[in-house]
2 protein chains.
Amino acid sequence: MRDVAEIAGVSLKTVSRVVNTEAGVRPATAERVDAAIRQLGFRRNELARSLRHGRASATVGLVIGDVANPFYASIARAVETRARSGGSVLITGSSDEVGSQERELVGMLLTRRVDGLLVVPAAGDHGWLAEEVRRGVHIVFLDRPPHGLVADSVVFDNVGGGRRAVRHLLAHGYQRIAIIGDAPSVHTIRERYDGYAAALKEAGLPVDPRLARLSPHDAEGAARAVRELLTLPEPPDAVFACNNRMTVGVLHALRAARAPLGLVGFDDFELADLLGVTVVSGSAVEMGGRGADLLFARLGGDDRPARRIVLSPTLVARGSGERVSEEPA
Amino acid sequence: MRDVAEIAGVSLKTVSRVVNTEAGVRPATAERVDAAIRQLGFRRNELARSLRHGRASATVGLVIGDVANPFYASIARAVETRARSGGSVLITGSSDEVGSQERELVGMLLTRRVDGLLVVPAAGDHGWLAEEVRRGVHIVFLDRPPHGLVADSVVFDNVGGGRRAVRHLLAHGYQRIAIIGDAPSVHTIRERYDGYAAALKEAGLPVDPRLARLSPHDAEGAARAVRELLTLPEPPDAVFACNNRMTVGVLHALRAARAPLGLVGFDDFELADLLGVTVVSGSAVEMGGRGADLLFARLGGDDRPARRIVLSPTLVARGSGERVSEEPA
DNA sequence: ATGAAAGCGCTAACAA
DNA sequence: TTGTTAGCGCTTTCAT
């Protein structure tokens, strides 16, 4: 910028004015400055700018489990779109759902003075984040509510979604319904399990612990769990898979075993229609978008009490949960 | 940091020493400083640090078409992993394959003084980037080579992959093979088309322009193209789909029309095995990883001539390209 | 309409 | 072992 000023034969401040399109610069002068800027290929240093200016690095942070998981990728895309329309860029980090990684990531983001944070929290307490919030960091929680502090969040109605999935299976004649999910320490899984159990109870059916497999972390683990279930003396006749990873694993296992069990998965996924998989799902795009809106409102000065936005998942019947196997249209 | 110094009763520089774990601080002093840091919840301002220190904001930028596309998401994940193991974070931006958006994104990243850039370039000339490169910005191109400048790149052998896909179909008795892809202005598509044409020619078959549909940008467009092809007087008996989006569209259209055409797609995708889709694909994870390695080597001072790394795609036969429809294992 | 000086939070270079 | 000074590139405040 100093170089630009020198070439244009003006002071540093005048260049700053031109760059920021402030008023009070004679057109002729501005012209000269612009020419110098082009000649040098000058780009304002945003780091220096936000250092001086105090707040506003025009950068927001997003912490998710894994960008390679389409559910998270959709969230990331929605947040990015909102951010860019407001002139901000997005730093995305994958925590692998591990608390220590999440904490490290948040640290790296805060150290770079992001204006705000969107976080899909890993299991565990987040009291340590309360400290940051108290210090003025704006955080919005996605998919799972914060544990140990009050803050904005956008979540799905997981209990309702789980109940709907299982009711659907029951309505189609399935009786022994298994549930496959990640560890119940993950908030969403616990809630979906609660919905599962509630639906069974209201139908007067027992909640058989042998049919609950809440430990697999990935598709392979889910497939293994299904194989085990199939060897039970009284195997299940249907499965409720708690998220997209689980559903993929269940599909593989069922196909390999040529076992025509009923199936409803939580979360939609590409090609689910071709595979005829019935799902209960909410919109990741909407979750990311609403979360970003919430965050930018806070950054804009909104200081109303923390809000929790609950999105309702919907059931999409495609054949796998309806007993009579239908060819998808 | 000044506050920390005050509370600990030391000078600013001493705090800096402790924060950077430089030598020459008495343990007792360091202890006091650490206590003050904890008390205040102090975090070093990385922006100020890199402003002073000149280079190294420990941030790299990645420009891709769309994070929500699993192919790009895999690249992003691989880059992120490499970046973090080196203490850097990743700013990811989606260009939607539009040149103007790409340019805007690169501008936003450069303005934030990222240490380096990984770019999957949209179609068009990139001479404007040459200017930046000349100025010392490190850029590595992914998936498509740069046009209009010399720089490191990691690409697939697209011609070879396209040829292999079509040879495979020919070997299994298909004769009229259509090709569906994005616009040939996209480098990868043009190359894959060349491979397609080469395979036909070496088999002594004509390259029928009516069977080439190189205009759809998304899955829906690809599906439309297939529907059109099926109404031809002499419809194709097989399709080569040029990327994962196209393959998805083709699958939908073929399934809807109950048309058992042969199909080989470029790029692998989740559940392709369950759908029995034969693909030719390279590893997005390897592409991202190798690209990141290249970039970090440059950032580390490597100034050898620009390199181009070519990854070979492999063919995975799953049924859709082998005439005799096989149940996947 | 333009410029000079101070300072954002930090580190490099040099004292003490 | 510790502190002082200067300055990274910019914006703010106050002059001119």
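The chains referred to below are lettered A, B, ... by the order of the sequence lines, with proteins before strands, and numbering in each begins at 1. For the numbers below, each heavy atom of this structure counts, side chains included, while hydrogens, waters and symmetry mates do not.
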Fill in: Pairing residues for A:Glu97 by the side chain to side chain contact (heavy atoms under 4.5 Å, CB included) criterion, not counting sequence neighbours
A:Tyr72, A:Arg144
Discussion item. On DNA chain C, compare the nucleotides closest to B:Arg17 and B:Ala48; which residue's is nearer the 5' end?
Written reply: B:Ala48
Worksheet entry | Contact nearer the 5' end of DNA chain D, comparing B:Arg52 with A:His53 | B:Arg52
Worksheet entry | Which residue lies more 5' along DNA chain D, comparing B:Leu51 with B:Val10 via nearest heavy atoms | B:Val10
Worksheet item: Applying side chain to side chain donor-acceptor pair (under 3.5 Å), which residue pairs with at least one partner in residues 101-118 of chain B are found, sequence neighbours left out?
Response: A:Thr59-B:Arg112, A:Arg84-B:Gln101, B:Ser57-B:Asp115, B:Glu102-B:His126
Worksheet item: Nearest heavy-atom pair of A:Ser88 and A:Phe296: which atoms, and what distance?
Response: OG-CE2, 4.1 Å
Worksheet item: Closest approach of B:Ala292 and B:Val79, non-hydrogen atoms and distance?
Response: CB-CA, 4.3 Å
Quick check: are there more than 12 heavy atoms from other residues, nucleotides or ligands sitting under 6.0 Å from [atom1] of [X]?
| X | atom1 | value |
| --- | --- | --- |
| B:Arg2 | CZ | no |
| B:Arg307 | CZ | no |
| A:Arg304 | CZ | no |

Worksheet entry | Start and end of chain A contact along DNA chain C [non-hydrogen atoms, under 4.0 Å] | C:dA1 to C:dG9
Worksheet item: In degrees, rounded to 10°, what is the bend between the two ends of the helix from C:dA1-D:dT16 to C:dA16-D:dT1, using five pairs at each?
Response: 40°
Any base atoms under 4.0 Å from [X], or only sugar-phosphate, or nothing? Heavy atoms, all strands.
| X | answer |
| --- | --- |
| A:Leu12 | base |
| B:Val19 | nothing |
| A:Gly24 | base |
| A:Thr29 | sugar-phosphate |

Discussion item. Using the side-chain hydrogen bond (donor to acceptor under 3.5 Å, both in side chains) definition, which of the options A:Arg298, A:His138, A:Arg308 pairs with A:Asp152?
Written reply: A:Arg298
Fill in: Span of DNA chain D in contact with chain B (heavy atoms, under 4.0 Å)
D:dT1 to D:dG9
Worksheet item: Checking side-chain contact (heavy atoms from CB on, under 4.5 Å) for the pair A:Val285/A:Arg77: CA distance, chi angles, key distance, verdict?
Response: CA-CA 8 Å; A:Val285 169; A:Arg77 183 56 157 112; over 6 Å; no
Fill in: Electrostatic pair A:Glu131:A:Arg135 at N-O distance under 4.0 angstrom
yes
Worksheet item: Please, which pairs that meet salt bridge (Lys or Arg N to Asp or Glu O under 4.0 Å) have at least one residue in residues 14-26 of chain A, sequence neighbours excluded?
Response: A:Lys13-A:Glu22
